[in-house]
Amino acid sequence: MADTSHPVAHDIVTARTQHQPGLTAAWCSLPYAVPVLCAPTTGPGVAALQTAIKAASAEGLPLQRMVVALTSPGEGRPPASVKAAATMLQSQVSAVVTVPFDTHIRSHGLAQASRLGRRTTEAGAALVAAVLASAHRTWGDPLPAAATPAGLLTTTSVSARTVPPVPEGVPTP
């Protein structure tokens with residue numbers, strides 16, 4: 001997840017001009033990665049998002065898997081330019097989800113998640129559903145088994161004295 005579009009666009013353009021692999025491209029090429037870009041629902045925020053999307057498209061990054069989260073920085077409706085941009089982005093990315101302003105998050109963060117507003121909770125659920133739907137469209141349902149992390153591929157020998165025996169009745173992996 002990238003919380004702002006400026007660094008993503010900068011990374012893509014810099015990698016291209018320097019003929020080097022970029023972090024964004026490497027991240028997007030990970031197996032089972034669903035990129036999530038976040039942008040504020042402001043004119044400059046959406047303009048930066050559109051630039052990042054254009055750069056990602058030019059670089060051949062997987063826009064069809066990408067989910068966009070538009071976050072409201074304050075109360076009220078998003079400007080018409082933001083609504084228009086969100087509508088235009090719908091056809092380029094997997095999903096666009098709008099996350100409303102929540103005064104509780106501004107004041108307390110997620111320390112008391114049970115006190116989040118109904119609309120915020122619904123937007124969170126919609127964002128999770130969008131990421132999962134993108135993964136299912138790309139890799140199928142059910143999703144393939146996760147790869148074993150590289151650190152677990154090597155076996156290490158452990159002395160039997162250092163590992164206590166598993167008590168009877170306790171399931172083992």
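Quick caveat, the model's predicted, so the values are computed rather than measured. Numbers for residues simply follow the sequence, beginning at 1.
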Item to check | Set of side-chain contact (heavy atoms from CB on, under 4.5 Å) partners for Thr14, sequence neighbours left out | outcome: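 side-chain contact (heavy atoms from CB on, under 4.5 Å) list for Thr14, sorted by chain: His10, Gln18.
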
Item to check | Residue pairs passing the ring-ring contact (aromatic ring centres under 6.0 Å, His included) test where at least one lies in residues 72-94, sequence neighbours excluded | outcome: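 Every pair satisfying ring-ring contact (aromatic ring centres under 6.0 Å, His included) with a residue in residues 72-94: there are none.
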
Next on the checklist: Filter on ring-ring contact (aromatic ring centres under 6.0 Å, His included), then keep only pairs touching residues 65-93, sequence neighbours left out; what's left?
Outcome noted: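 Output for this query is empty, none listed.
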
Under the rule for side-chain hydrogen bond (donor to acceptor under 3.5 Å, both in side chains), what residues qualify as partners of [X], not counting sequence neighbours?
{"X": "Thr41", "answer": "none"}
{"X": "Arg119", "answer": "none"}
{"X": "Thr120", "answer": "Asp102"}

Next on the checklist: By the salt bridge (Lys or Arg N to Asp or Glu O under 4.0 Å) test, which pairs, at least two apart or in different chains, include something from residues 72-82?
Outcome noted: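 As it turns out, there is no salt bridge (Lys or Arg N to Asp or Glu O under 4.0 Å) pair with a partner in residues 72-82 once direct neighbours are skipped.
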
Return a table of donor-acceptor pairs under 3.5 angstrom between the side chains of residues 59-73 and protein atoms on other chains or two or more places apart.
unit_1: Glu59; atom_1: OE1; unit_2: Arg16; atom_2: NE; d: 3.4
unit_1: Arg65; atom_1: NE; unit_2: Ala33; atom_2: O; d: 3.2
unit_1: Arg65; atom_1: NH2; unit_2: Cys28; atom_2: O; d: 2.5
unit_1: Thr71; atom_1: OG1; unit_2: Ala39; atom_2: O; d: 3.4
unit_1: Ser72; atom_1: OG; unit_2: Val99; atom_2: O; d: 3.4

Item to check | Heavy-atom neighbours of Leu23 CG exceed 12 at 6.0 Å | outcome: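 Counting neighbours around CG of Leu23, 12 or fewer heavy atoms of other residues, nucleotides or ligands fall under 6.0 Å, so no.
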
Checklist entry - Taking only residues two or more places apart in sequence, or in another chain, which ones meet Tyr32 in a ring pair (Phe, Tyr, Trp, His ring centres under 6.0 Å)? => result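 Here the qualifying residues are Trp139.
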
Item to check | Cluster link Val128 to Val97, ILVMFWY, side chain under 4.5 Å | outcome: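 No, no single cluster joins them.
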
Next on the checklist: To check you understand the geometry: which heavy-atom pair defines the closest contact between Ser94 and Ser134, and what is its length?
Outcome noted: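 Looking at all heavy atoms of both residues, the closest pair is OG-CB, 3.3 Å.
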
Item to check | Counterpart residues, salt bridge (Lys or Arg N to Asp or Glu O under 4.0 Å), relative to Arg118 (two or more places apart) | outcome: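 In terms of salt bridge (Lys or Arg N to Asp or Glu O under 4.0 Å), with neighbours along the sequence ignored, Arg118 is linked to Glu122.
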
Name the atoms and distances for all side-chain donor-acceptor pairs under 3.5 Å in residues 47-57, with sequence neighbours left out.
unit_1: Thr51; atom_1: OG1; unit_2: Ala47; atom_2: O; d: 3.0

Table please: side-chain donor-acceptor pairs of residues 82-90 below 3.5 Å, with sequence neighbours left out.
unit_1: Thr87; atom_1: OG1; unit_2: Lys83; atom_2: O; d: 2.9

